[in-house]
Asker: 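Quick one: the structure is below, questions incoming.
Throughout, a chain's letter reflects where its sequence line sits, starting with A, and its residues are numbered from 1.
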Amino acid sequence: MRVSNLFGKTLRDVPSDADTISHQLLLKAGMIHQIAAGVYAYLPLAWRVHKKIENIIRQEMDAIGGQELLMPTLQPHELWERSGRDLALGQVLLTLADRKERKMVPAPTHEEVVTELARYNIQSYRDMPLLLYQIQTKFRDEPRSRGGLVRVREFAMKDLYTFDTDSDALDVNYKKALQAYKNIYSRCGLDYLVVEADSGAIGGKDSHEFMVVAESGEDEIIFCSKCDYAANEERAVSVRAIPKMEQPLPIEEVFTPGAKTIEDVAAFLGISKNKTLKAVFYIADGDFVFVTIRGDLEVNEIKLKNVLKCADLRMATDDEVKAMGIEAGSASLVGLKGIKSIADDSINMGSNFVVGANKPDYHLSNANYPRDFDVDVITDIALARPGQRCVKCGGKLKSVKGIEVGHVFKLGTVYSEKAGAYYLDKAGEQKPVVMGCYGIGVGRLLASAIEQNHDEKGIVWPVPIAPYHVYLCALSMDRSAEVVSAAESLHRDLADAGVEVLFDDRNESPGVKFNDADLLGMPIRLLVSPKSLSNGGVEVKRRAEKESELVFIDNAVEKIKGLLDNL
RNA sequence: CGGGGUGUGGCGCAGUUGGCUAGCGCGCAUGCUUUGGGAGCAUGAGGUCGGCGGUUCAAGUCCGCCCACCCCGACCA
């Protein structure tokens, strides 16, 4: 490919609405073009990268026995009603109507359809294990797209689905898929973490995310500094320090004028926050919920949502709290009846707590569970924070930001039961198919690769996903017939040797060409100029390094092949 | 959806106490010179100033409504 013919122009100034590095570089390099919020065109260079990533994914999927197929983007809305995910996904689900006013959805994912296929094609335990995958366009009406290709509304996703007879067999496939994913990210030149994750709207049991550590990441990863524990903040658990337990004292009313927050109360009474219990109020699918947690901790709303098994969870408004007859700022479960209540385990981690007295300007001291109040459910609903201790080894927890580049789930029989996907086992007994699903966003992976592989000059593509291997840069072609013939023959010879070359044949100044070479980021720059020729050859430079090396023209192809093998 | 911000040639910006043919840099076209880290000179093309409505003798500039995009939060590959 010749740069003079290449579609897509490099820019000197970065469009002002980009502020994630991968977004800036992709725009500056002329690799993508935005059409609407979260909707992008991939220009030829970026599309080559996309295809390379796809192919790496295909190889790894095929290696674990995956069969590629293609499911439709356009799906009947009823399918989503049957699974209940029309509600679980809410507004993210784009919907449209066909000419007969039938509701359709451009699919955001394919569990529904693939389960439908399984229902039709799996009848016997002999039909499994089965691994089906596709690379296909998803549509999600995201509340907010961001970061260029990091979060978009239309994107190619590789989705793999596994079908097994039981959960042990699912575990086998799950492990295989996990390994395939690790291979994919490594081959794409990414540093990643595998973390425990919440399964969100997809449902199911175990779930892991693959996270690329990046400042621009949207997720917070909690990990242990001593052992291998790592989890998405949404899911992370931690050991909360337990203060010294005291003998229960008689409950007592204390005057706390104007103290409404935990900070106020603790400061006013001169106690630490872990000697208090905090009351927080939520509306879960329309129902009021009274949540209690130790004063020094925060509620993890994802955990809470999972406990409540609700589709929609939000903080209650002041009016809603009042309407329940609750005194915000001085509320507790002591003496309160008939309100749905959930508490964090931490109400048992400590004693003689200060809690609200359910009247303005008063609190109660020495409240103890279960002596003084009742709770419907007690479980872990606390947000794990860095600084707390690891539940596995007691080590100190830390946190980093990450981009989620893959997510795998053990679905179990949630979808198969709803869709009626059953098989007959050896004993002739009818059982639901056990499923797993596994997703990778291709464009997000591409963006993540840039987030991790760039410098101040531009992109530094890892060889396996670089749009081209070599940037052949010829200087002074309009004045030197020698340069022209040397460059042209190198172009041919490299292509013949299977090396992918982007040939900068433009009449631009050296500075322009060098800067574009750095910006576009091919792993090797091959320079042909009157000067290099008079020095006896051509100059080979790795993108990641500063220095170039003079090589005889006849040795150049060999030299480059050697470098590519070792990069 | 809540909060903040921006919309002026392809990109980056100026112009906004209303006033003449709307500017600058980059890019683009043509010519000459130049040629190892974003060259110089000359000539030129390209803009219904996001849209609609209003105020006014006069609107890029003032008022109203709408739209789009970006960022921060609530959500996900």
Side-chain angles (χ1 to χ4, degrees), chain A residues 9-20 23 27-28 30 33-39 57 88-92 108-110 135-160 181 197-202 207 209-212 216-219 232 234 301-302 305 311-315 403-409 437-448 457-458 473-480 483 507-519 525 527-532 534-535 539 541 546 548:
Chain A
K9 285 204 170 103
T10 57
L11 302 174
R12 299 211 176 181
D13 299 308
V14 188
S16 57
D17 52 5
D19 81 4
T20 305
H23 190 199
L27 287 171
K28 195 169 182 222
H33 186 90
Q34 181 170 19
I35 297 299
V39 179
I57 292 173
L89 288 161
Q91 301 261 74
V92 170
T109 172
H110 280 68
I135 296 174
Q136 193 256 14
T137 306
K138 310 292 185 212
F139 292 86
R140 296 186 182 179
D141 195 357
E142 293 288 347
R144 180 154 92 88
S145 43
R146 56 167 295 253
L149 297 183
V150 171
R151 176 169 217 78
V152 293
R153 297 192 297 169
E154 174 185 335
F155 64 100
M157 176 165 118
K158 186 287 301 172
D159 39 332
L160 165 72
Y181 269 43
D198 180 74
S199 50
I202 289 194
S207 172
E209 286 168 336
F210 291 81
M211 292 283 190
V212 164
S216 59
E218 303 177 273
D219 289 276
N232 191 310
E234 297 173 356
E301 294 185 1
I302 304 284
K305 199 171 164 183
D312 182 59
L313 180 75
R314 60 174 175 83
M315 294 279 259
I403 302 173
E404 178 189 351
V405 289
H407 200 161
V408 301
F409 307 80
C437 75
Y438 315 80
I440 295 180
V442 182
R444 183 183 282 183
L445 178 42
L446 186 159
S448 305
K457 287 284 195 179
C473 188
L475 301 184
S476 307
M477 285 180 78
D478 57 332
R479 290 179 300 126
S480 166
V483 168
N507 263 328
E508 288 288 351
S509 73
V512 170
K513 293 185 156 200
F514 292 149
N515 278 298
D516 279 347
D518 289 340
L519 174 61
R525 187 184 78 190
L527 180 65
V528 188
S529 72
K531 187 167 142 191
S532 79
S534 73
N535 286 338
E539 291 167 34
K541 180 185 160 303
K546 269 210 154 73
S548 65

Asker: Quick check for you: among B:rC69, B:rU35, B:rG38, whose closest atom lies nearest to any side-chain atom of A:Lys28?
Answerer: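 The closest nucleotide is B:rG38.
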
Asker: For A:Ser448 and A:Arg444, indicate whether the former's side chain and the latter's backbone hold a donor-acceptor pair under 3.5 Å.
Answerer: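 Checked: pair present.
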
Asker: Given B:rC70, B:rA77, B:rG38, which nucleotide is nearest the side-chain atoms of A:Thr10?
Answerer: B:rG38

Asker: Measuring only the C1' atom in each nucleotide, how far is B:rA59 from B:rG19? A whole number of Å is fine.
Answerer: 10 Å

Asker: Out of B:rA77, B:rG36, B:rC72, which nucleotide sits closest to the side chain of A:Lys531?
Answerer: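 Side chain of A:Lys531 sits closest to B:rG36.
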
Asker: Measure the NZ-CG distance between A:Lys513 and A:Leu475 for me, rounded to the nearest 0.5 Å.
Answerer: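 Spacing of NZ (A:Lys513) from CG (A:Leu475) equals 6.0 Å.
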
Asker: Would you mind pulling out the nucleotide paired to B:rC65, Watson-Crick or G-U wobble, both distances under 3.5 Å?
Answerer: B:rG51

Asker: Please tell me which of the listed nucleotides, B:rA74, B:rG37, B:rG25, lies nearest to the side chain of A:Arg525?
Answerer: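 Ranking B:rA74, B:rG37, B:rG25 by closest atom to the A:Arg525 side chain puts B:rG37 first.
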
Asker: Watson-Crick or G-U wobble partner for B:rG2, using a 3.5 Å limit on both distances?
Answerer: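 By the stated definition (distances under 3.5 Å), B:rC72 pairs with B:rG2.
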
Asker: Considering only B:rA77, B:rG27, B:rG36, which nucleotide approaches the side chain of A:Arg12 most closely?
Answerer: B:rG27

Asker: B:rC13 base to A:Asp13 side chain: any donor-acceptor pair below 3.5 Å?
Answerer: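 Checked by distance alone, the answer is no.
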
Asker: Which listed nucleotide (B:rG37, B:rC71, B:rA77) is nearest to the side chain of A:Arg151?
Answerer: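 For the A:Arg151 side chain, the nearest candidate turns out to be B:rA77.
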
Asker: Assign each of A:Leu527 and A:Arg146 to its nearest nucleotide of RNA chain B by heavy atoms, then name whichever residue's nucleotide is nearer the 5' end.
Answerer: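 Here A:Leu527 is the residue nearer the 5' end.
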
Asker: Give one of base, sugar-phosphate or nothing for A:Leu27, where a contact means two heavy atoms less than 4.0 Å apart.
Answerer: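 Nothing, no nucleic acid heavy atom in range.
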
Asker: Strictly below 4.0 Å: does A:Ser476 bring a side-chain N or O up to OP1 or OP2 of B:rU35?
Answerer: no

Asker: So that I can tick it off, tell me whether A:Asp159 and A:Lys138 are bridged by a salt bridge, with the cut-off set at under 4.0 angstrom between side-chain N and carboxylate O.
Answerer: yes

Asker: Which is true for A:Gly441 with a 4.0 Å heavy-atom rule: it touches a base, it touches only sugar-phosphate, or it touches nothing?
Answerer: base

Asker: Nearest whole angstrom, please: distance from the C1' of B:rC76 to the CD1 of A:Ile440.
Answerer: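 Whole-Å distance recorded here is 16 Å.
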
Asker: Taking the C1' atom of each, how far is B:rG9 from B:rC26, in whole Å?
Answerer: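 Per the computed distance, 13 Å lies between those C1' atoms.
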
Asker: How many whole angstroms separate atom CG of A:Asp516 from atom P of B:rG36?
Answerer: 17 Å

Asker: Does A:Ser509 have a side-chain nitrogen or oxygen under 4.0 Å from the phosphate oxygens OP1 or OP2 of B:rU35?
Answerer: no

Asker: Should A:Ser16 be listed as having a side-chain N or O under 4.0 Å from OP1 or OP2 of B:rU6?
Answerer: no

Asker: Name the closest nucleotide to the A:Arg140 side chain, picking from B:rA74, B:rC71, B:rA77.
Answerer: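 Within the option list, the nearest is B:rA77.
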
Asker: Send over the distance from A:Asn507 CG to B:rU30 P, rounded to a whole Å.
Answerer: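 One finds 12 Å between P of B:rU30 and CG of A:Asn507, rounded.
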
Asker: Tell me which nucleotide, if any, is Watson-Crick or G-U wobble paired with B:rU43 when both distances must be under 3.5 Å.
Answerer: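 B:rU43 is paired, partner B:rA29.
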
Asker: May I ask you to decide if A:Ala36's main-chain N or O and A:Gln34's side chain share a donor-acceptor pair within less than 3.5 Å?
Answerer: yes

Asker: Give me the atom names and distance for the closest heavy-atom approach of A:Asp219 to A:Glu234.
Answerer: OD1-OE2, 4.4 Å

Asker: Figure out the CG/C1' separation between A:Leu11 and B:rC26, and round it to whole Å.
Answerer: 10 Å

Asker: Just the rounded figure in Å: distance from P of B:rG37 to NZ of A:Lys546.
Answerer: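 In whole Å, B:rG37 P lies 15 Å from A:Lys546 NZ.
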
Asker: Give none if B:rC57 has no partner; otherwise give the nucleotide forming a Watson-Crick or G-U wobble pair with it, both distances under 3.5 Å.
Answerer: B:rG19

Asker: Contact class for A:Gly148 (heavy atom, under 4.0 Å): base, sugar-phosphate, or nothing?
Answerer: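 Contact class for A:Gly148: none.
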
Asker: Which nucleotide, B:rC11, B:rA39, B:rC70, lies nearest any side-chain atom of A:Val512?
Answerer: B:rA39

Asker: Quickly work out the A:Glu508 CD to B:rC28 C1' distance and round it to whole Å.
Answerer: 12 Å

Asker: Compare all side-chain heavy atoms of A:Lys457 with those of A:Phe514 and state whether any distance is below 4.5 angstrom.
Answerer: no

Asker: For A:Val442 versus A:Lys158, what's the shortest heavy-atom pair and its separation?
Answerer: CG2-N, 4.3 Å

Asker: Would you mind classifying the nucleic acid contact of A:Asp478 as base, sugar-phosphate or nothing, using non-hydrogen atoms under 4.0 angstrom?
Answerer: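 A:Asp478: base contact, heavy atoms under 4.0 Å.
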
Asker: Looking only at side-chain N and O atoms, does A:Gln34 come under 4.0 Å of OP1 or OP2 in B:rC70?
Answerer: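 A:Gln34 to B:rC70 OP1/OP2: side-chain N or O found under 4.0 Å.
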
Asker: Give the rounded distance in Å between these two atoms: NZ of A:Lys513 and C1' of B:rG38.
Answerer: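 Distance, rounded to whole Å: 13 Å.
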
Asker: Side chain of A:Glu539 only, heavy atoms from C-beta on: which candidate in B:rG36, B:rU34, B:rC71 is closest?
Answerer: B:rG36

Asker: Does A:Phe514 stack onto the base of B:rG36, taking stacking as ring centres under 5.5 Å apart and planes under 30° apart?
Answerer: no

Asker: Would you say B:rC71 has OP1 or OP2 under 4.0 Å from some side-chain N or O of A:Arg144?
Answerer: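 Yes, within the criterion.
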
Asker: Using OP1 and OP2 only, check whether a side-chain N or O of A:Arg314 sits under 4.0 Å from B:rC1.
Answerer: no

Asker: Whole angstroms only, please: what is the CD-P distance between A:Glu142 and B:rC69?
Answerer: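 About 14 Å, once rounded to whole Å.
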
Asker: Looking at B:rA77, B:rA74, B:rG36, which one has an atom nearest to any side-chain atom of A:Pro143?
Answerer: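 That would be B:rA74.
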
